[in-house]
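Quick notes on the structure that follows.
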Amino acid sequence: KDSSSPMRLPLCLNEQSAIDSIFADVKANTKTPHKYRAYRQALAGESDENFLARLIYAETKAASCSGMETEIMPIVAAVIRRRIELRGGNIQSVIFERDQFASSLNNYSESHYRDFLCPSDSKAWNQALNLTTASGAKAEDAVLPKDAVHYYFYKHSSRFTPPAWAQDSNSKNEVSTSKDGHLKDCIRVFRNANWR
C-alpha cells in the first residue's frame, strides 16, 4: 500500500444504542472467551485487515501521548504482529483475546473503544492500515525479537498500577526499540518467551 494516498475511513459505529448493546454482551461474557463477541457481530463483514487496523489505531490513541502517535503506532503494530505470527496468522484470536487489549475494548472512562468502533483521524487510520502489512511494519519488525509480545502504556491512566513485568525499568525482558529514548514515558516493550 502507498502510505501517501488517502484511504477512506472504515465503517463508523457510534450510535449509543449499538455501543450499549455491545457492552451488555461484554458484561454478560466478562469471564468467558466470548467476551468481545459483540464487537465481531456489530462489525460483521469487516476484513481481518480492518480489524487489525482498528486495534492498532485505537491502541495508539490509548497510549495518551499526543504528538507522538506516528512514532508509537509502528511499535504497537509490531508487537501485535508478533502475537499474530505466534498464533499462526490468526488475527481475530489475538485481537479478541479476553482482556489483552482492555485499553481499546473494555468499558471504562479511559478506554478507547470509541476509536476502535469509529476511527475518525484519516491520517492515523491510513498509517494503521499500512502497518497491517509486512512491508508497512518492516522497520520495527526488524528491531523487535520474535518474543516481544507485550507493551505497556505508562500514560494511559494513572488509576492503574503497571503489572510486575512492566514496573522494573531494568527488566531483563525489556526490549529496546528503534524509537526508544523520548518514548519510554509513553510505551515500553517486553519479551515473553512463554506467550502463545
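Numbering of residues begins at 1 and proceeds along the displayed sequence.
- Contact record, D185 with K155: O-CG, 3.5 Å, taken as the closest heavy-atom pair.
- Proximity of a side-chain donor or acceptor of E174 to a complementary backbone N or O of R188 within less than 3.5 Å is not detected.
- Between F96 and Y36, the two ring planes are tilted [angle within 30° to 60°].
- With rounding to the nearest 0.5 Å, the separation of CD in E46 from CG in L52 is 12.0 Å.
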**Item:** Derivation of the side-chain contact (heavy atoms from CB on, under 4.5 Å) call for F51 and V94
**Value:** CA-CA 11 Å; F51 272 125; V94 169; over 6 Å; no

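- For the side-chain contact (heavy atoms from CB on, under 4.5 Å) test, residues two or more places apart in sequence or in another chain that qualify with A58 are S104, D115, F116.
- Side-chain N/O atoms of H150 and R83 include a donor and acceptor closer than 3.5 Å.
- Within the 3.5 Å criterion, the main-chain N or O of K27 finds no donor-acceptor partner in the side chain of T30.
- Using a distance-only test at 3.5 Å, with no hydrogens or angles considered, a donor-acceptor pair links the side chain of R82 to the main chain of P145.
- Looking at S120 and C12, their side chains never come closer than 4.5 Å, going by heavy atoms from C-beta outward.
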**Request:** Give the intermediate values and the outcome of ring pair (Phe, Tyr, Trp, His ring centres under 6.0 Å) for residues Y113 and Y39.
**Result:** CA-CA 10 Å; Y113 61 86; Y39 279 99; 7.8 Å; no

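- Between T32 and R98, every side-chain heavy-atom pair lies at or beyond the 4.5 Å cut-off.
- Two residues are said to be in side-chain contact when any heavy atoms from C-beta on lie closer than 4.5 Å; V189 and I75 meet this criterion.
- Pairing each heavy atom of A124 with each of Y57, the nearest pair is CB-CE1, 3.7 Å.
- To the nearest 0.5 Å, the span separating CD on E59 from CE on M73 amounts to 11.0 Å.
- Put simply, the side chain of D147 does not reach to within 4.5 Å of the side chain of L86, judged on heavy atoms.
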Identify all side-chain donor-acceptor contacts of residues 13-23 below 3.5 Å with residues at least two apart in sequence or on another chain.
from, atom 1, to, atom 2, distance (Å)
Q16, OE1, R114, NH2, 2.8
Q16, NE2, D20, OD1, 2.8

**Request:** Carefully, step by step, assess M68 and I187 under the rule side-chain contact (heavy atoms from CB on, under 4.5 Å).
**Result:** CA-CA 10 Å; M68 298 183 183; I187 183 173; over 6 Å; no

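- Counting heavy atoms from C-beta outward, K61 and D121 have side chains that approach closer than 4.5 Å.
- Of all heavy-atom pairs between E71 and P74, the closest is O-CD, 3.3 Å.
- For the side-chain contact (heavy atoms from CB on, under 4.5 Å) test, residues two or more places apart in sequence or in another chain that qualify with S93 are R87, N90.
- Residues meeting the side-chain contact (heavy atoms from CB on, under 4.5 Å) test with D25, sequence neighbours left out: N29, R37, A38.
- Looking only at distances, no side-chain donor or acceptor of Y152 sits under 3.5 Å from a matching main-chain atom of W165.
- Residue L9 comes nearest to S122 through the heavy atom pair CD2-CA, 3.8 Å, listed as atom of the first residue, atom of the second, then distance.
- Remark: S157 engages E110, R159, F160 in a side-chain contact (heavy atoms from CB on, under 4.5 Å) (not counting sequence neighbours).
- Separation of atoms NZ (K172) and CZ (R191) is listed at 10.0 Å; rounding is to 0.5 Å.
- Of all heavy-atom pairs between H156 and A62, the closest is ND1-O, 2.8 Å.
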**Message:** Test side-chain contact (heavy atoms from CB on, under 4.5 Å) on I95 and R54; report intermediate values, then the result.
**Reply:** CA-CA 10 Å; I95 293 172; R54 283 175 183 272; over 6 Å; no

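- No donor-acceptor contact under 3.5 angstrom links the side chains of N192 and N173, judged on distance only.
- The heavy-atom pair separating F153 from S103 by the smallest distance is CE1-OG, 4.2 Å.
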**Message:** Between I56 and L129, does the side-chain contact (heavy atoms from CB on, under 4.5 Å) criterion hold? Intermediate values first, please.
**Reply:** CA-CA 8 Å; I56 292 168; L129 200 54; over 6 Å; no

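- In this pair, Y151 and F101 present their aromatic rings tilted. The plane angle is within the 30 to 60° band.
- For Y154 (side chain) and P162 (main-chain N/O), no donor-acceptor pair under 3.5 Å exists by modelled atom type.
- To the nearest 0.5 Å, atom CD1 of residue I84 and atom CD1 of residue I91 are 5.0 Å apart.
- In this structure, H112 has no ring-ring contact (aromatic ring centres under 6.0 Å, His included) partners at least two apart in sequence or on a different chain.
- One finds the OG atom of S64 at 9.0 Å from the CD atom of E69 (value rounded to the nearest 0.5 Å).
- A distance of 12.5 Å separates CG in L55 from CG in N50, rounded to the nearest 0.5 Å.
- Using a distance-only test at 3.5 Å, with no hydrogens or angles considered, no donor-acceptor pair links the side chain of T132 to the main chain of E49.
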